[in-house]
Amino acid sequence: MVKHQHEEADLSASLSEVWRVLNDKEREILRSNSKVLHFKRNELIYCEGDEPKDMMCLLKGKVKIYKAGVGGRSQIIRMIKPVQYFGYRAYFAQEDYLTNASAFEASCVCMIPMEIVTELLKGNSNLAMFFIKQLSIDLGIADERTVNLTQKHIRGRLAESLLFLKDSYGLEEDGATLSIYLAREDLANLSNMTTSNAIRTLSNFVTERIIALDGRKIKLIDEDKLRKISKMG
């Protein structure tokens, strides 16, 4: 059993969107019942089949939400960035987790018991609307990705994934290199393809001078062409 390091966090800064819609009493309830845990790279945060007990907010790092598929392959459902909330849908649906979550890199996560969240929601309509909005946004993204991952060809899917990573995590100081270093297997799992197809398509993109590769670093050379490939599917 991994022992996690607990620490106090400045929730007014870390959970600023939620903090703004709470009154002083609600803020104290949230502060006194929240805990911050650190997860190592590739460490599981929750597993499929677990009972949901906490709402989670990623404070630092990167987290992937994924589901094990046929033949040992996984499908990455979502990539979480700071400051995003996750892990609470299953509780509201009164079911166990249908997915897994793991730290893609060393990550810091704020854990808030769902019983506390539920009590706050009952007395604060603004907080309830905030989470209705979050769930609605997530559902819209999931619907769009489902269509794209099933209807687009391999090139279109991989191009979309690279743009998705850019929009989610941004670029490094050079203004071109993705600020996330994915293994080829993870990139394949994000794009709904085999690892060999991901490697082959990446190589084709390099040959066409659309991207450049340096190990796990991916540099976008021709973003316009990448968007055109993604749009055409």
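In what follows, every heavy atom counts, from backbone to side chain, and hydrogens, waters and symmetry copies are set aside.
Residue pairs meeting the salt bridge (charged side-chain N to carboxylate O under 4.0 Å, His left out) criterion with at least one member in residues 109-120, sequence neighbours excluded: Glu119-Lys122. Contacts classified as side-chain hydrogen bond (donor to acceptor under 3.5 Å, both in side chains) and involving residues 123-137 (residues at least two apart or in different chains) are given here: Glu26-Asn124. Listed by first then second residue, pairs satisfying salt bridge (charged side-chain N to carboxylate O under 4.0 Å, His left out) with a partner in residues 81-98 read Arg89-Glu95, not counting sequence neighbours. Residue pairs that meet the side-chain hydrogen bond (donor to acceptor under 3.5 Å, both in side chains) test with at least one member in residues 54-65, sequence neighbours left out, are Lys62-Glu105, Lys64-Asp186.
Residues forming a ring-ring contact (aromatic ring centres under 6.0 Å, His included) with Phe104 (at least two apart in sequence, or on another chain): none. Scored by the salt bridge (Lys or Arg N to Asp or Glu O under 4.0 Å) test, Asp143 finds no partners at all (sequence neighbours excluded). When the ring-ring contact (aromatic ring centres under 6.0 Å, His included) test is applied to Tyr66, no partner is found at least two apart in sequence or on another chain. Taking the salt bridge (Lys or Arg N to Asp or Glu O under 4.0 Å) definition, one finds that Lys217 meets it with nothing, sequence neighbours left out. For Asp50, the salt bridge (Lys or Arg N to Asp or Glu O under 4.0 Å) test picks out no residue, with sequence neighbours left out. Applying the salt bridge (Lys or Arg N to Asp or Glu O under 4.0 Å) test to Arg184 and every residue at least two apart in sequence or in another chain returns nothing. Shown here are the ring-ring contact (aromatic ring centres under 6.0 Å, His included) partners of Tyr91, two or more places apart in sequence or in another chain: there are none.
Through direct or indirect side-chain contacts shorter than 4.5 Å among Ile, Leu, Val, Met, Phe, Trp and Tyr, Ile132 is connected to Met129.
Ring centroid separation for the pair Phe131 and Phe92 does not come in under the 6.0 Å cut-off.
Looking at Lys166 and Glu223, a side-chain N of the basic residue comes within less than 4.0 Å of a carboxylate O on the acidic one, giving a salt bridge. A salt bridge links Arg31 with Glu28: the distance from a Lys NZ or Arg NE/NH1/NH2 to an Asp or Glu carboxylate oxygen falls below 4.0 Å. For the pair Asp138 and Arg78, the salt-bridge criterion is met [side-chain N within less than 4.0 Å of a carboxylate O]. A salt bridge does not link Asp224 with Arg227: every distance from a Lys NZ or Arg NE/NH1/NH2 to an Asp or Glu carboxylate oxygen is 4.0 Å or more.
With hydrogens and angles ignored, the 3.5 Å screen pairs a side-chain donor or acceptor of Ser179 with a backbone N or O of Glu172. Remark: side-chain polar atoms of Tyr85 are not paired, donor with acceptor, to backbone N or O of Met55 under 3.5 angstrom.
The two residues Leu59 and Pro82 have their closest heavy-atom pair at O-CB, 3.6 Å.
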Exercise. Tell me, with the steps shown, if Arg155 and Glu208 meet salt bridge (Lys or Arg N to Asp or Glu O under 4.0 Å).
Key: CA-CA 12 Å; Arg155 283 171 60 87; Glu208 297 169 39; 2.9 Å; yes

